[in-house]
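Shown next, in structure tokens, is the structure this report addresses.
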Amino acid sequence: MLEPSYKPKELEEKVRVYWDKNNIRRRVEEREDQKEVVGYVEGPPTLNGEPHIGHVRGRFYKDLWFRYATLSGKKVIFRGGWDTQGLPVELQAAKELGITGEKQELIKIGMEKLVEKAKEMIKTYYASWISSDRLLGLMMDHEKDYWTYRDEYIEREWQILKAAWEERLLGESYRVVGYCPHCQTALSHSEVSSEYELLEDPSLYYKAKLRDHENRYIVLWTTMPFTLITDVMVGANPDASYSIVEVGNEEWVIASNRVADLMNELGIADYKVKGNVLGVDLKGKRYYYPLAEEVPKQKEYDEKFKTHVMVLDQSVDISTGSGLVHMAPANGEIDFNIAQREGLPIFNPFDDSVHFTQEAGKYAGIFARDTDFIVIEDLRKKGLVIKASKIIHEYPTCWRSHHRLVWLARREYFYWVDKVGDKALKAAEGVEYFFEAPKNRFLNIIREMKPWCISRERVWGTPLPIWTCSQCGEKNALFSRKEIVQNALELPDGPNFELHRPWVDRITIKCKKCGGKAFRESFVLDTWHNSGASQYAAFTDEEYRRYVPVEFLTEGIDQTRGWAYSLLILSVIFNKAPKSCYKAFLFQGHILGPDEAKMSKSLGNIIDGNETLSQYPVDAIRFYFAWKVSPIATLVFKPNEILERPFQVLNTLYHLHVYLQQNSVLDGFNDKKHNLIWAQKEGKLNFLDEWILSRSQRITEETIKSYSKSEFNEAAKTLEKFIIEEISQKYVPAIRRELWSDDPSTLDRRLTIYSVLSYCLKKADILLHPICPFITDCLYLECFTDRKDSILFESFPEVDEKLLNDLVERKFTLVDRMISTANALRMKAKLKRRWPVRETVFIIPTTEDFTEQEIRVLKDLINTKQLTIATDLASAPTKYNLKPNVEKLGKRLRKDLPKLFTFLERTDRDTLAEELIAKKKVELEIEGIKLILHEEDFQFIIEPKEGYDLLESDGIKVLMKVSRESDLIKEGTIRDVARRIQAYRKEIGLNPTYVVKSVILWSDDNEIIETVREKVEELKFLVRTENIETVERCDEDWKEEEIDGKRLMIKIVI
RNA sequence: GGGUCCAUAGCUCAGCUUGGUUAGAGCGUUCGGCUGAUAACCGAAAGAUCGCCAGUUCAAAUCCGGCUGGACCCA
């Protein structure tokens, strides 16, 4: 039996234990009766921290989908995985070791230490995640989880590299990165943007002479003079206007809108604007490279590649400097991109410590930033400096060492996504995204087809398995341990070395081409490559063939450019075809804290997952997640909201089951026998039953449709309405009266009600299960004997067309409105609902045939002795009142108007009104004056006849005879008394069905006592007692109650 | 700086495609009532300048433009 009150935390733990004990998860996976087998491999959470509430939401959607798919008749291979490598893990591990991870530090403590720490750390966080998953009820196969750092995973990941290598989609190029000269490491984008400091730098205005012009110079500005050494071109904005300014005997080119300010800044008063030239017309103009003597290599480039030329780009800012920008592709990302576009070379004469190499001529061997002032001096000697001063500005620094970063073009490995053609887009277009906005965004990202830099200068990651020959430069790519061992020159750690740095670095390879010694490219792979390989790497070949493309995936919207992208690109590369490894991808919105702020470690407003899941009912949290907003919307997480509506829905669902169970047990109900088929055969279904059965079909249809479209909030709202509004608020109150009886002659009717209720609740349980697995499985197991070992072995109900009944639904809606109106009238007339009324008349706008059964139900619910339903006023106990239109009549009758008033007071206005309505006009003679009254002279007001009250709402008029007649008063009194006794019974903890020995009553009101005596049998039945006594005196410890100001004392003898 | 999306009651949303009564609903709030499953329920009330500014139109929450604010992605 269910406990009489809903204690979610106890219930949920009981269900968890039940699932574990009965191996439900494994049995669901191993069952053989499912039609279709589909795969799901989750996006791996990064094990560098505790799960927070946002992660919990994401995992909830995964579980929801799993349960939905399972109940839809699919067998889901539901695999979990963990992201265990890459920058975030490495940084966290370094932090926990108390180091910053710079190169020198690592050399000192050894990479082994960092790797060891990373492995240890991910195990710790893994435990937290597993705990949270268990609390959440995530039915994921954690026994078969994939771990991205494991050798077997890495070897499979390499297979994708291999495919790319074979297709020539993998290769070397340069990428401009923020680089710390001190730590000698490249920084990731997020690392760069996290640290900016106010620093002093040189501010240099200089000029470069244009070729093909007598005395014409371009004016340029830089805060990094050393980049003049790597200067390749000058950018102009194609849309801007540039002025030719005469200064002394020279002509300077400056953006027109900068001339005045710039001259002012440079302290040049004597100048003259000679003319203008458009940005576009500057294209292709070449200038003399200022440091040609110092850097011979540049002179070579000049001749060979026609460098030191003006190019056009929208990004050139004409609001600072001179509106022309000097560009050094080796030291700037935009510069680099433009150089690539223009087919200009990258002059990149730096070593790892950011000192210039021999190629830099005069500057060789000097640290880049130390050449700033040397360059200024060299320019000054040539008379090219216009002004050299200092500037304080925000500049990115290294978060570890706080050294200034330098932008450097580093040699990296790339996937040439731009050469994949339209395969990626085709693959992406074939995927279901459920919502338009994320779909468009994703497709736009795919359309960019930008090369993907997959190499990272890091330690803890999948190593790039390429060895470069120290003699001939040949790249020896080896994509498995076996190949490496076979080609190894040196294997210091034996053939079973770990596939990580530093072990893999120690291996040297015999060059395939020349037999020379080849060393590994010391890169590791981008972590997105690592996790993006999961759909292949997490499976065996056989599984990959069977389950990929997987049926569905869901992750946060931030994964659009992350995991969703890398999965798709890797799938296309690996398959060498426009094939996505997933059929559907649902992008979820983010979660915000209660203050609508983004949760972040620095703000300290992170809501912990385990804590929240322990504190609140998990079903309610899950319902809240699903119900509050659509999965793509941002969810503002306000914990107190969980206990409002979501809890209410679950509480109601629980008590509906309690109600069914408590009542049905007494009547020996057996859902195997007394099912719907039985009830239909018995013919005891009334229109209330037909209504709720019809509704349940619609709810089934709508819910499943919403689930299939990933509109989980719609599904939750549909079920909320069904449970609260339809079953709890309408159906149960309507049938409640019938269940109070224990008359054997109506047993079949009660069993019918149980069968209907049982049918609807079971349906609701199954439909709600994906959202709220604990309560639904518990109620399912407790309340139904016609069941399986878990609700998860059920399947979504089919819509039973035979039970759909438009007519009944329409009629019920009307009846419902009629009851509401009647209740409103009672309220207005101060008529308690327990008091029956003699007569009720409805005037409704539509013709409906009501069956005798329906009338009976209505009478019961309205608590009326007589009931009439009409569509017009003809037989209604109404009369008209007339309100004369004084303005109109006054003009016509003038001084005779008072006579009309007197007449109206004396006459039967109802009859007059009906005559006016029928004939449009009436002729009268009042005190010898003949009058013609028109219909439009009056306003007609409908009023109830004497003894009735009237209310109109929503087009329905209801009239009730409100007179208090003695038998009705007595009936009401009995109900009043009964209700107080019942409340007391409940208070002292008596079961509703328990029959007590005696109820003893005392009252200071004779009428009450007399009524009780008169209706003692009825009262005995109502309050379930063998005997009722009324007494003259009572003790003070009796229960004191009040009925309309009169005292009632109650004693119950058990 | 660029892109995508969003803005309607305290909260969550509907209405916008196709312009046309008084902008709806649920939750929450207040008051009153009911209750032998319930923390349920019933009735009433309060609560909105439809982000702002212009435009098109007889008529704009709805269509167009701009602005402001927010979210996300990318620089």
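Labels below follow one simple rule: chain letters A, B, ... track the order of the sequence lines, proteins then strands, and each chain is numbered from 1.
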Got a list of protein N/O to nucleotides 14-16 of chain B N/O distances below 3.5 Å?
none

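- For the pair A/Arg698 and A/Glu702, the salt-bridge criterion is not met [side-chain N within less than 4.0 Å of a carboxylate O].
- Ion pairing of A/Arg410 with A/Glu412 is absent here, as no side-chain N (NZ or NE/NH1/NH2) approaches a carboxylate O to less than 4.0 Å.
- Summarising the geometry, the separation between CD on A/Gln662 and P on B/A37 is reported as 8 Å, rounded to the nearest angstrom.
- Taking atom P in both B/G28 and B/G43, one finds a spacing of 15 Å when rounded to whole Å.
- Between the side chains of A/Asp335 and A/Trp407, no donor-acceptor pair of N or O atoms lies under 3.5 Å.
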Where does RNA chain B pair, written as one dot-bracket string 5' to 3', with Watson-Crick or G-U pairs under 3.5 Å, ( ) inside the strand, [ ] for crossing pairs and | for another strand? (((((((..((((......[...)))).(((((.......))))).....(((.(..]....).)))))))))).

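- Smallest separation of non-hydrogen atoms from A/Lys628 and A/Lys717: O-NZ, 4.0 Å.
- In this structure, A/His655 atom NE2 and B/C41 atom P are separated by 13 Å, rounded to whole Å.
- Contact annotation: A/Gln648 does not reach the phosphate of B/U38 (side-chain N/O to OP1 or OP2, under 4.0 Å).
- Of the candidates B/C74, B/C27, B/A37, the closest approach to any side-chain atom of A/Leu656 belongs to B/A37.
- For A/Tyr754 (side chain) and A/Asp671 (main-chain N/O), no donor-acceptor pair under 3.5 Å exists by modelled atom type.
- No hydrogens or angles were tested; on distance alone, nothing pairs the side chain of A/Thr652 with the base of B/A39 as donor and acceptor under 3.5 Å.
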